[in-house]
Protein chains: 2
Amino acid sequence: MSAELTERRKQLLKLIIQEYIDTATPVASEVLVRKYGLPVSSATVRNEMAVLEELGLLTHLHTSAGRIPTDAGYRYFVENLMDRSPLSPQEQRTIRHQFYQVRSELDQWIHLAAAVLARHAQAAALVTPPRAYEARYKHLELIAIHETTVLLVLVFQDGTIKQQTLTLNESHDQEVLSRSAGRINQLCSGRRVGEIEQLLSAEGSSIEPPLSSIERLALEQIVRAMHQIEEQANEQIHHDGLLEILSQPEFSQVERVRQVLEILEHGRGLGPLIPQALASDGIQVVIGGEHGRDEMREYSVILSRYGVDGSVVGVLGVLGPRRMPYPRSISTVRYISNVMTNLLGELYGE
Amino acid sequence: MSAELTERRKQLLKLIIQEYIDTATPVASEVLVRKYGLPVSSATVRNEMAVLEELGLLTHLHTSAGRIPTDAGYRYFVENLMDRSPLSPQEQRTIRHQFYQVRSELDQWIHLAAAVLARHAQAAALVTPPRAYEARYKHLELIAIHETTVLLVLVFQDGTIKQQTLTLNESHDQEVLSRSAGRINQLCSGRRVGEIEQLLSAEGSSIEPPLSSIERLALEQIVRAMHQIEEQANEQIHHDGLLEILSQPEFSQVERVRQVLEILEHGRGLGPLIPQALASDGIQVVIGGEHGRDEMREYSVILSRYGVDGSVVGVLGVLGPRRMPYPRSISTVRYISNVMTNLLGELYGE
DNA sequence: CTTAGCACTCATCGGTGTCGAGTGCTAAAA
DNA sequence: TTTTAGCACTCGACACCGATGAGTGCTAAG
């Protein structure tokens with residue numbers, strides 16, 4: 001009986017979780033009444049705790065230890081209980097200022113985003129570079145480097161840049177290369193990989209004048225590069241903030257550090273979370289082993305998509321121990337996500 | 001008396017160090033005679049060990065513990081004792097093959113170098129991107145992205161690419177931008193930053209026709225970017241292989257992990273080692289706190305310059321615990337350094 | 001429904017004793 | 001003079017013990 005969530009129990013749960021997040025030690029009934037001046041005795045609190053445990057929101061490690069939240073407990077906290085306070089105007093200003101300083105350096109954005117996320121959420125941060133759903137050709141440049149070697153710089157519509165080298169049979173001067181690049185630019189501007197492939201196939205061989213050997217070679221590289229980009233679309237994940245989480249008590253055994261590194265570097269355990277975040281609006285919070293992923297049992301992730309919908313998007317978020325300051329982390333992820341979205345919006349036109 | 005380094009003592013020292021590197025536990029006299037079938041008794045070995053300790057080549061943590069090498073011991077080992085065996089042809093082939101696969105992707109080289117170093121030397125790897133001593137302008141491209149925003153892609157003679165965005169007062173079409181870029185390319189090709197600055201100053205205002213506002217803006221960005229590149233010349237260090245060293249016993253306390261992270265991410269403690277390696281031929285081995293750097297007392301680094309002398313150079317190497325398989329690490333660093341040097345040589349002409 | 005009281009549980013910590021690895025020394029053997 | 005056997009001594013590692021104390025669960029009274 002009475003296994004229902006009364007208002008008092010909710011408040012108690014909230015306090016317990018906040019306290020645990022704060023102190024990283026199991027919270028005892030006694031401590032709660034003292035610290036927060038509850039109008040009831042510790043015994044009552046204990047009774048309530050027992051009910052919350054029955055409901056699956058709390059556990060304890062052994063009989064004479066304080067309570068700690070379960071995944072479900074955290075989930076309920078995140079969804080119904082926690083105070084959603086955005087970052088302070090002061091913090092927002094600082095962050096905006098940092099981004100303002102690198103506003104023109106596209107490739108710094110993800111570094112900065114990861115660094116700021118890590119510092120403000122005190123967790124490991126992960127950011128995937130913003131990518132278009134499908135690569136579209138924007139611009140090619142061929143630059144003579146040395147005799148028969150040519151630097152091929154490829155720019156896509158989402159701002160991604162790829163550089164490759166090309167080795168030719170005979171040396172050509174910059175003049176010729178520029179003309180070839182110009183021609184390819186005209187042929188391919190705004191095209192998808194499929195359309196460019198056609199230029200190379202029989203179908204495309206009807207173009208006049210026929211493609212020079214340089215042009216063919218360059219086009220082949222372009223097609224290869226575009227396929228490559230689409231394959232590894234959101235696979236490469238930039239991360240930062242290892243140092244931040246090392247100071248947290250849950251990482252006092254190296255084994256944990258190794259696990260996190262494996263998640264961050266190889267994406268082990270992250271599984272479908274990134275694509276999922278990419279496909280859905282709003283903030284995704286995954287607590288512990290919620291989705292049955294064993295490697296993640298001890299960790300939580302908060303992810304958010306960012307970017308211009310339908311044009312160029314990425315995912316950013318934080319990874320930390322299950323005992324994570326959810327309100328703050330979520331606010332941080334949300335804010336940085338917005339900042340990045342705005343930046344990209346300015347770049348590509350909202 | 002008799003505190004001199006006889007042949008037998010040298011051989012003993014070599015064995016002790018090899019054994020310690022292997023097992024990570026202080027080595028006992030008894031173990032040595034048994035494992036290597038020495039023609040003397042453990043007592044004799046103990047006497048010899050005492051002499052080696054007197055010479056400052058060995059220590060022990062407490063009276064009844066086996067011996068471990070001191071920095072000087074390792075140093076003597078590296079310089080006079082160890083077997084210098086290059087990587088096996090099999091390994092060399094594997095490595096060359098891996099590099100062959102990414103031969104055209106310039107920006108993959110440092111990633112691959114770090115990854116291969118880390119895996120083969122079982123240590124943390126660090127690689128600075130290859131840089132010219134001073135930046136020289138190679139090529140500029142201006143690409144209209146959206147209304148008044150323009151993507152500026154800047155290529156330097158050493159292959160470095162920088163991308164920036166530029167916001168103009170009014171929108172211009174690609175035609176105009178390309179013409180401006182072409183003009184700047186003509187003006188700046190192969191120039192150093194100083195010469196380009198002159199174009200912007202009073203002295204340069206005599207060019208005809210006078211620079212358009214777009215051209216001025218672009219030039220300003222170019223100058224800024226070149227200064228930036230020269231400042232952070234070899235400051236950014238790419239690293240890899242944290243996971244490799246985590247499994248080593250010396251990193252069983254997180255504190256050590258933090259230290260290494262701080263060295264790798266912020267270059268703390270590396271101090272002048274990188275510039276030093278950049279300035280000298282051959283392989284640099286720094287063992288423990290040899291050069292009085294306290295943060296490094298527990299670690300050793302092996303660095304090598306790579307690249308085309310006088311044209312474009314970088315530094316690569318490994319960082320590991322003092323107890324490091326020096327012969328193997330040194331061979332690996334040497335080999336990868338050669339591979340990278342060859343790759344760059346092909347690119348820029350030997 | 002709340003609470004005081006109390007028994008019970010369990011991790012933590014300091015202290016103690018034992019064990020074994022390893023050295024250092026000494027005196028005898030080579 | 002060098003080597004070696006023998007042995008005392010040192011010190012870390014480990015297990016065990018009991019005390020301590022935090023914290024719960026239960027019960028019976030308010």
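Below, chain A is the first sequence line, B the second, and so on; all start at residue 1.
- To the nearest angstrom, P of dC1(C) lies 10 Å from CD of E4(A).
- For the pair L58(A) CG and dG25(D) P, the interatomic distance rounds to 11 Å; values are reported in whole Å.
- Listed by chain and residue number, R323(B) satisfy the side chain to side chain donor-acceptor pair (under 3.5 Å) test with Q248(B) (two or more places apart in sequence, or in another chain).
- Of all the residues in residues 19-34 of chain B, not one reaches under 4.0 Å from DNA chain D with any non-hydrogen atom.
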Give the table of side-chain donor-acceptor pairs shorter than 3.5 Å for residues 255-272 of chain B, with sequence neighbours excluded, one pair per line with atom names and distance.
residue: Q259(B); atom: OE1; partner: Y299(B); partner atom: OH; Å: 2.9

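- What separates CD of E53(B) from P of dG22(C) is a distance of 16 Å, to the nearest Å.
- Residues satisfying the side chain to side chain contact (heavy atoms under 4.5 Å, CB included) criterion with S41(B), sequence neighbours excluded, are A43(B), T44(B).
- Atom CD of E48(A) and atom P of dG25(D) are 13 Å apart (whole Å).
- Note: CZ (R9(A)) to P (dT2(C)) measures 9 Å, nearest angstrom.
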Pull out every protein N or O sitting under 3.5 Å from an N or O of nucleotides 8-16 of chain C, one pair per line with the distance.
residue: dT9(C); atom: O3'; partner: T63(A); partner atom: OG1; Å: 2.9
residue: dT9(C); atom: O2; partner: S64(A); partner atom: OG; Å: 2.8
residue: dC10(C); atom: O4'; partner: S64(A); partner atom: OG; Å: 3.3

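- Contacts of H291(B) classified as ring pair (Phe, Tyr, Trp, His ring centres under 6.0 Å), with partners at least two apart in sequence or in another chain: none.
- D83(B) and K14(B) are joined by a salt bridge, as a carboxylate oxygen and a charged side-chain nitrogen come within less than 4.0 angstrom of each other.
- Checked against salt bridge (charged side-chain N to carboxylate O under 4.0 Å, His left out), K10(A) has no partners two or more places apart in sequence or in another chain.
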Would you mind writing out the side-chain donor-acceptor pairs for residues 329-336 of chain A within the sub-3.5 Å range, not counting sequence neighbours?
residue: S329(A); atom: OG; partner: P325(A); partner atom: O; Å: 3.1
residue: S331(A); atom: OG; partner: S85(A); partner atom: O; Å: 2.7
residue: S331(A); atom: OG; partner: P327(A); partner atom: O; Å: 2.9
residue: T332(A); atom: OG1; partner: R328(A); partner atom: O; Å: 2.7
residue: Y335(A); atom: OH; partner: R96(A); partner atom: NH1; Å: 3.0

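- Counting to the nearest Å, the P atom of dA21(C) and the NZ atom of K35(B) are 16 Å from each other.
- One can place NE2 of H60(B) at 14 Å from C1' of dG12(D), the figure rounded to the nearest angstrom.
- Between Y326(A) and Y74(A), the ring planes lie tilted relative to each other; the angle falls in the 30° to 60° range.
- In this structure R8(A) satisfies the salt bridge (charged side-chain N to carboxylate O under 4.0 Å, His left out) test together with E48(A), sequence neighbours excluded.
- In this structure, E54(A) places its CD atom 17 Å from P of dT24(D), rounding to the nearest Å.
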What are the atom names and distances for every N/O pair under 3.5 Å that joins the protein to nucleotides 26-30 of chain D?
none

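- Residues satisfying the side chain to side chain contact (heavy atoms under 4.5 Å, CB included) test with D281(B), not counting sequence neighbours, are R305(B).
- Phosphate contact (OP1/OP2 of dT4(D), side-chain N/O of T44(B), threshold under 4.0 Å): present.
- Remark: E79(A) pairs with R75(A) by the salt bridge (charged side-chain N to carboxylate O under 4.0 Å, His left out) rule, at least two apart or across chains.
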